[in-house]
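Scroll down for the structure; my scribbles are underneath it.
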Amino acid sequence: MKLSIFAALACILVSCQSINYAPAVETSQRTGAQKGQHINWATLREGRILFVHRCIECHTLPVVWHYTTDDWPKLVDSMSARASLKPTERDAILAYIIAARAQM
Ligand code: HEC
């Protein structure tokens with residue numbers, strides 16, 4: 001019993017090391033975008049670049065699956081003032097986060 005818990009823990013620890021914290025988003029993947037929202041591949045790519053550059057200025061890169069899809073819009077809103085993001089940059093980052101999260 002104890003052993004299996006350790007095995008599971010070891011598994012989690014080892015796999016964590018190989019996780020990409022800002023994974024590329026597959027175009028074929030469901031983006032989790034809301035209805036009527038036009039999200040294209042260029043936006044997701046831009047969002048990913050902005051995310052890894054701008055969201056790492058004050059803290060380590062936030063882990064996308066640590067927060068829910070419902071929490072992210074509020075988080076990015078509150079951070080976009082801090083990161084001085086333009087509305088389009090904010091939208092691109094959010095689209096990337098939601099899409100990256102959806103493919104995990
Ligand atoms: C100018 C500094 C700064 C920048 C740039 C910044 N943050 Fe933050 N962030 C903070 C600080 C300070 C905190 C600590 C919590 C707080 O004060 O709200 C934080 C906390 C967070 C948290 C944890 C919030 C919680 O309640 O657990 C997340 C997630 C986050 N930031 C995401 C982002 C994202 C995404 C971006 C890029 C758009 C970003 N941050 C850019 C300063 C920054």
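Hydrogens, waters and symmetry mates are skipped; everything else that's a heavy atom, side chains included, is used. Every number for a ligand or one of its atoms is a count from 1 in the order of the listing. The residues of the chain are indexed from 1 along the displayed sequence.
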- Side chain proximity check, Ile49 to His53, heavy atoms < 4.5 angstrom: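 Result yes, sub-4.5 Å side-chain heavy-atom pair found.
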
- Task: Return yes or no for this condition: an N or O of Tyr67 is under 3.5 Å from an N or O of ligand 1.
- Result: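 Between Tyr67 and ligand 1, an N or O pair is found under 3.5 Å apart.
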
- Query: Where does Leu85 meet ligand 1, judged by heavy-atom distances below 4.0 Å: at the side chain, the backbone, both, or neither?
  - Reply: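 Contact part for Leu85 vs ligand 1: side chain (C-beta onward).
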
- Query: Which of the atoms in ligand 1, numbered in the order shown and given with their element, are less than 4.0 Å from a heavy-atom of Arg54?
  - Reply: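 Answer, ordered by atom number: 5 (C), 41 (C).
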
- For Glu57, take its heavy atoms, then give the atoms of ligand 1 lying under 4.0 Å from any of them.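 Ligand 1 atoms under the 4.0 Å threshold to Glu57: 5 (C).
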
- Query: Sub-3.5 Å donor-acceptor pair from the side chain of Trp72 to the main-chain atoms of Val64, do we have one?
  - Reply: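 Here the side-chain-to-backbone pair exists.
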
- Message: Would you call the rings of Phe51 and Tyr96 parallel, tilted or perpendicular, taking 30° and 60° as the class edges?
- Response: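 Rings of Phe51 and Tyr96: tilted, as their planes differ by 30° to 60°.
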
- Query: Would you say the side chains of Thr68 and Asp71 form a donor-acceptor pair under 3.5 Å?
  - Reply: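 Present: a donor and an acceptor within the cut-off.
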
- Enter the distance from Leu61:CG to Cys55:SG here, rounded to the nearest 0.5 Å.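 Here the interatomic distance stands at 7.0 Å.
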
- Polar protein atoms (N, O or S) that approach atom 8 (Fe) of ligand 1 to under 2.8 Å: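 Listed by chain and number: His59 NE2, Met79 SD.
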
- Message: Please evaluate residues Asn40 and Thr43 with respect to the criterion side-chain hydrogen bond (donor to acceptor under 3.5 Å, both in side chains), reporting the C-alpha separation (whole Å), side-chain torsions for both, the decisive distance (0.1 Å), and the verdict.
- Response: CA-CA 5 Å; Asn40 60 32; Thr43 306; 2.7 Å; yes

- Message: Under the rule for side chain to side chain contact (heavy atoms under 4.5 Å, CB included), what residues qualify as partners of Glu89, not counting sequence neighbours?
- Response: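 Once residues adjacent in sequence are excluded, the partners of Glu89 under the side chain to side chain contact (heavy atoms under 4.5 Å, CB included) criterion are Leu50, Arg54, Leu85, Lys86.
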
- Task: Run the numbers on Asp77 and Arg90 for side chain to side chain contact (heavy atoms under 4.5 Å, CB included), then give the verdict.
- Result: CA-CA 7 Å; Asp77 274 346; Arg90 173 220 170 262; 2.3 Å; yes

